[in-house]
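Accompanying notes for the structure given below.
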Amino acid sequence: RSLRNAPVGPSVRPSVARRPKMFSDNQKIGTSLLGLGLLFMCLGVVFFFDTFLLSIGNVMFLSGLLFTMGLSRSARFFRRSFF
């Protein structure tokens with residue numbers, strides 16, 4: 001048999017480099033808000049449970065979660081029933 005007519009299998013084909021999935025602008029804002037929220041919460045604990053830093057951290061963390069997941073997915077997550 002000739003090699004010219006041989007079928008091309010998956011091992012012979014060159015591998016196609018896949019691009020990493022890019023984040024949308026809302027997801028980029030959400031991840032930065034999540035990070036800032038965690039930072040403020042850690043600072044609130046370090047400074048003897050400062051209520052202002054803890055509350056700002058909570059607000060930033062929750063808003064970052066909403067931006068990262070999306071409004072409809074996060075509403076669906078928090079509304080589901082476990083029982």
Side-chain angles (χ1 to χ4, degrees):
R1 292 177 74 186
S2 140
L3 291 176
R4 291 182 195 156
N5 295 334
V8 177
S11 62
V12 179
R13 292 183 185 163
S15 63
V16 177
R18 294 186 182 192
R19 291 183 180 176
K21 188 175 179 181
M22 303 300 288
F23 290 121
S24 69
D25 289 337
N26 284 341
Q27 288 175 334
K28 290 177 187 176
I29 293 170
T31 52
S32 60
L33 282 174
L34 278 170
L36 283 173
L38 286 174
L39 176 73
F40 274 96
M41 281 194 270
C42 289
L43 285 175
V45 170
V46 167
F47 291 128
F48 302 110
F49 295 100
D50 185 18
T51 55
F52 177 73
L53 289 175
L54 287 172
S55 62
I56 292 295
N58 285 335
V59 169
M60 283 187 171
F61 185 80
L62 289 177
S63 62
L65 192 66
L66 289 176
F67 269 98
T68 304
M69 288 178 58
L71 191 61
S72 62
R73 286 180 61 194
S74 57
R76 193 177 335 133
F77 175 75
F78 287 115
R79 284 185 188 168
R80 70 179 174 186
S81 174
F82 292 108
F83 301 107

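Values reported hereafter were calculated over all heavy atoms of this structure, with side chains retained and with hydrogens, waters and symmetry mates removed. Here the structure is a predicted model, which is why all the values come from computation and not from measurement.
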Tell me, please, which residues at least two apart from S32 pass side chain to side chain contact (heavy atoms under 4.5 Å, CB included).
-> none
Ignoring hydrogens, what is the shortest heavy-atom contact between [X] and [Y]? Give both atom names and the distance.
X	Y	value
T68	T31	OG1-N, 3.5 Å
F23	K28	O-CE, 3.6 Å
L34	G64	CG-C, 3.9 Å
S74	L66	OG-CD2, 3.1 Å

If hydrophobic clusters are built from ILVMFWY residues whose side chains come within less than 4.5 Å, do [X] and [Y] share one?
X	Y	answer
F52	L43	yes
V45	L39	no
F47	F40	yes

L65 versus F78: any side-chain heavy-atom pair under 4.5 Å?
->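 Yes, their side chains come closer than 4.5 Å.
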CE-CG distance between M41 and L54, expressed to the nearest 0.5 angstrom |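 So the gap between those two atoms works out to 8.5 Å.
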